[in-house]
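Everything below concerns the one structure shown next.
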Amino acid sequence: MIKLEPNYNPAEIEDTWYVFWDGNGYFRPDPDPEKKPFCIVIPPPNVTGSLHMGHALNATIQDILARWKRMTGFKVLWLPGMDHAGIATQNVVERELSKEGISRYELGRDAFIGRVWKWKAEYGGKIIHQLKKIGASCDWTRERFTLDEGLSRAVREVFVRLFDEGLIYRDNRLINWCPRCHTALSDLEVEYEETEGKLYYIKYPLADGDGYITVATTRPETLLGDTAVAVNPEDPRYEQFIGKVLNLPLTHRKIPVIADPAVDSAFGTGAVKITPAHDFNDEAMGKRHKLPSISVITEDGKMSAEAGEKYKGLDRYACRKAVINDLKDEDLLESEKRHVHSVGHCYRCKTVIEPLLTIQWYVRIESPAAEAVQAVKDGKTRFIPDSWDNNYYAWMRDIKDWCISRQIWWGHRIPVWYCPECSNDKGVCQGDLIEHIFYKPVEFGNGRVVNGGTYSELRKSGFSHEEIIRDSKIIHVSKSVTPFCRREDLAECPSCGSRHIIRDPDVLDTWFSSALWPFSTLGWPDKTEDLKTFYPTSVLVTGFDIIFFWVARMLMMGLKFMEDVPFRDVYIHALVRDAKGQKMSKSKGNVIDPLVMIDKYGADAFRFSLAAFAAQGRDVRFSEERLEGYRHFINKLWNATKFIIRNEESWTKQPPAGMEPDLASKWILSRLAFTVDEVNRNLEDYRFNDAANSIYHFVWHEFCDWYLELSKPVLYQEDSTGKTAMVNCLFFVLEKSIQLLHPIMPFVTEEIWKDVFGKEDSIMLSRYPSGLPRFIAAEESMEYVINAITGIRSIRGELNISPSLEIKADIKTLTEKAEAVLNSNLDALKKLTRCKEIRIGGKVERLKGSAVSVMNEMEIYVPIEGLLDIKNEINRLFKEMAKLDESLSFLNKKLRNEDFINNAPKAVLEKDKAKFSDLVNKREKIEENMKLLESIEKNGG
RNA sequence: AGGCGCGUAGCUCAGUGGGAGAGCGCUACCUUGACACGGUAGAGGUCAGGGGUUCGAAACCCCUCGUGCCUACCA
């Protein structure tokens, strides 16, 4: 006997089923060579991360696809893993260290990295367990980490090959620098925020003669690094100043006034100070005019020696104050105004970015980008929705070389070595070009203290090579030092054979390794079976915010190293916002925790909500209210199941093909077939909301509302011939429904499957419904039944006839077909309308004092005389007439329009004509009835 | 400033040329033998506004207003 709990309790079964699936290897791809591959690589979440709504939506969509494809006969691989998240992870561990009062520099590089691995083992990857909670059917045996051995090998291979091709190079230029994280950042890792600051107006006196030029700046402290003042050549105010020399305030330097059309005369005073070492526009200007660059700010965000003895060592903001005070003292500060402008912040720690002149590693992006653009243009990869194409093209057009080096420790170390004992191509000893800064000053016995210096100097001072390496906090290697890039760690200089070689201290941008994710996770550079089978992957599911960070880079790397795109489709899903449409953020306090939702409502309801919300091209507004609604849906499904299994003894487990179904059964089978087609099509088109809604509608409003109710008269009869067929049909439709639902709601459907059907080991192994037969004639016939029932119910409802009151009804049928169909469903009609008697037929006459409802091919009469006030019915009919008149006048106008008759497609014309005559007919009937009722009323009837 | 969206029922949103849909909410009635996490019946819309194309526009084009995001600039 089938047993089912009285209420569905998700918490009790979800974990059990998950362990069951995973333990039985159902998440692993079927090795069957006949099956076509379907592969998704997960966008690797940060190892530091915990699941938020965006992840939840992302994972739900991938899981729907994976489960659906598995059930439709594909060998599915959903490959999970995590990203080492260089800066973020390093920050987490540094924070931990600072609680113990130590910095990473005190710990040293190797010990620090050990500490991070330890942290990862203990706390990292929380998100993996959370993904399991929502039911993600990832193949955990293939889980990867961007820093694991295999992926590191891939990173190294890629770096070496790009280096050898000259696509990777070092250069000294201005980059975004985070003084707190102490590393370079790529353009994308800078977030601009509107910030209120001040615009300071500063006088720059002419070097000879009187007068001055006033410049406006938001960053007075960079004045110390100015190397010019620029004006627009067209600006008459400054014409006579061009080429003159100014005394740079607070310094003893003299700087020229130059003319450049890039200067906006309308902004500030129309004269702008130029600091090529600390501003991107100024850098460009400096290049055009061959101005020197003076770096006055260091990597710690403090003023350098170049800033002058007085300011050296001051924090940049302290220096700003000092400079302003000093300018005031010299009467050079003309004024200051409030000024709102956008300021770059580090995307990891929110510290204000400092543009700094440093040597970094870059990838030449132009030709890979062109290929990646072409691949999308050629349709080798398509974005869904395709509105993202343009964004992608636009960004790729403006793309700049990618800065891939980071001055942190947690990451893939750049596989490049330098020899301090060789001379470079200009004959300079390279040891003179490599500078070391020690963690802490090293004291000699004689009281001499050394903070660092060039390699050569340090060696001369008596430091051994090993000591220098051990004690170096920072190593600056000049651009002119020859790099050796190798797949294997280098032990000696390939040129001179010295064992005293220095490895490049930088690590790679995390995105460098994630760009390889679609093939590195499948085993590349080895030619593995997985790689052969699953590359290119089928679809990438991700949010639009990382199209540039990640998707574009994967395309470039995939095309370069696999000679094919990494994925066929890119499904871009929405951002999850709160119910008011605001971005969720910790500071706003409107964050919804997916795990809390799962606890409260179950993973299935949660997943269903996300799917139902996920309309293409629109943000998701998550509301708990709707989530609750979908929990009700599960409850509905559960209770329907309870109802169905009560008839277990009549269940012969025969498919509907072997039965002679009654009309209702044929109808529901046809509706099921329709839904199955719709769901498959919608999933094919990534229309998850439509797929979810169409199952919802079918299960609730067709299967439960109509079919279950229609089955009752048959099931409650002691000895009904149709009973077995009907019960089989009930079970069949239930079975197909839960299969249809499984990709969206895996847990409850498995529970029902195992409890009720228990065929295959798991619903996951069953075949997804598709290609069921439609019965259009049955659907048309059912219209009569539904219309008749709805008609009678409407009268009851609108006239407020108590549901407990059993009434009589008459249906005058206008066609034989209607009569036949209704007659053969008389029991259902009576049951569903709570009528004790219904007369059906072409000769049925309307009884005096009846309420009326006119439908296609039938007129419905409910005698109400004596039951209630006839006035109510007259009112009701009056309202309906008004509605009919409105429609009629509209159609009439249309049908008398000759242009319409001549131009509209014939089908449309015919449809409207038919509609018109139907309405005319209906109106006549109603009018007739109204007159009758009115006469009864007058006669005191 | 440039680009991309959005504006449809009280709320959240479907609807890519033939006269308006769903879910939730709301109203009335109902403990009808799966389900009150339910049932039945209702109410509710100048599809932001204006103009155009068309026989016909919520849909296509233009303008305006409102709103969101992205990119750039912000000395």
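Chain naming here is simple, since letters A, B, ... match the order of the sequence lines and numbering starts at 1 in each.
Near-neighbour residues of RNA chain B inside residues 265-282 of chain A, defined by a heavy atom below 4.0 Å, number-ordered: Phe267(A), Val272(A), Asn281(A). Taken residue by residue, residues 627-637 of chain A places heavy atoms nearer than 4.0 Å to RNA chain B at Arg631(A), His632(A), Asn635(A), Lys636(A).
Phe747(A) is linked by a ring pair (Phe, Tyr, Trp, His ring centres under 6.0 Å) to Trp21(A), counting only residues two or more places apart in sequence or in another chain. For Glu191(A), the side-chain hydrogen bond (donor to acceptor under 3.5 Å, both in side chains) partners two or more places apart in sequence, or in a different chain, are Lys350(A). Glu194(A) pairs by the side-chain hydrogen bond (donor to acceptor under 3.5 Å, both in side chains) definition with nothing, not counting sequence neighbours. Residues passing the side-chain contact (heavy atoms from CB on, under 4.5 Å) test with Asp599(A): none are found, sequence neighbours excluded. With sequence neighbours left out, Phe267(A) forms a ring pair (Phe, Tyr, Trp, His ring centres under 6.0 Å) with His339(A). Take His289(A) and apply the ring pair (Phe, Tyr, Trp, His ring centres under 6.0 Å) test, not counting sequence neighbours, and it matches no residue. In this structure Asp226(A) satisfies the side-chain hydrogen bond (donor to acceptor under 3.5 Å, both in side chains) test together with Tyr204(A), Lys273(A), Thr275(A), sequence neighbours excluded.
In this structure, Arg793(A) places its CZ atom 11 Å from P of rG39(B), rounding to the nearest Å. Here rA22(B) presents its C1' atom at 13 Å from CD of Glu702(A), a figure rounded to the nearest Å. Atom-to-atom, NZ of Lys831(A) to C1' of rG39(B) comes out at 13 Å; the value is rounded to the nearest Å. Note: CD (Glu709(A)) to C1' (rU40(B)) measures 11 Å, nearest angstrom.
With hydrogens and angles ignored, no donor-acceptor pair closer than 3.5 Å exists between the side chain of Glu798(A) and the base of rA43(B).
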Grab the N/O contacts between the protein and nucleotides 55-57 of chain B below 3.5 Å, and write none if there aren't any.
residue : atom : partner   : partner atom : Å
rC55(B) : O4'  : Asn903(A) : ND2          : 3.3
rC55(B) : O2'  : Asn897(A) : ND2          : 3.1

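The two residues Met597(A) and Phe606(A) make their nearest non-hydrogen contact at CB-CD1, 3.7 Å.
Only the P atoms considered, rU27(B) is 16 Å distant from rA43(B), to the nearest whole Å. Comparing the P positions of rG15(B) and rA9(B) gives an interatomic distance of 15 Å, to the nearest angstrom. The gap from the P atom of rC65(B) to that of rC24(B) amounts to 39 Å, rounded to the nearest Å. Across the P atoms, rG50(B) and rU8(B) are found 15 Å apart, a figure rounded to whole Å. The same atom, C1', is picked in rA57(B) and in rG18(B); the two are 10 Å apart, to the nearest Å.
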- Paired and unpaired positions of RNA chain B as dot-bracket, Watson-Crick or G-U wobble under 3.5 Å, | denoting a partner strand: ((((((((.[[[[.)..(..]]]].(((((.......))))).....[[[[[..)....]]]]])))))))....

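Using a 30° and 60° split on the angle between ring planes, Phe688(A) and Tyr686(A) fall in the perpendicular class, above 60°.
Between the side chains of Tyr393(A) and Arg397(A), no donor N or O sits under 3.5 Å from an acceptor N or O. With 3.5 Å as the limit, one finds a donor-acceptor pair spanning the side chains of Glu189(A) and Tyr347(A).
Pairs engaging residues 889-904 of chain A under the side chain to side chain donor-acceptor pair (under 3.5 Å) rule: Lys894(A)-Asp912(A) [sequence neighbours left out].
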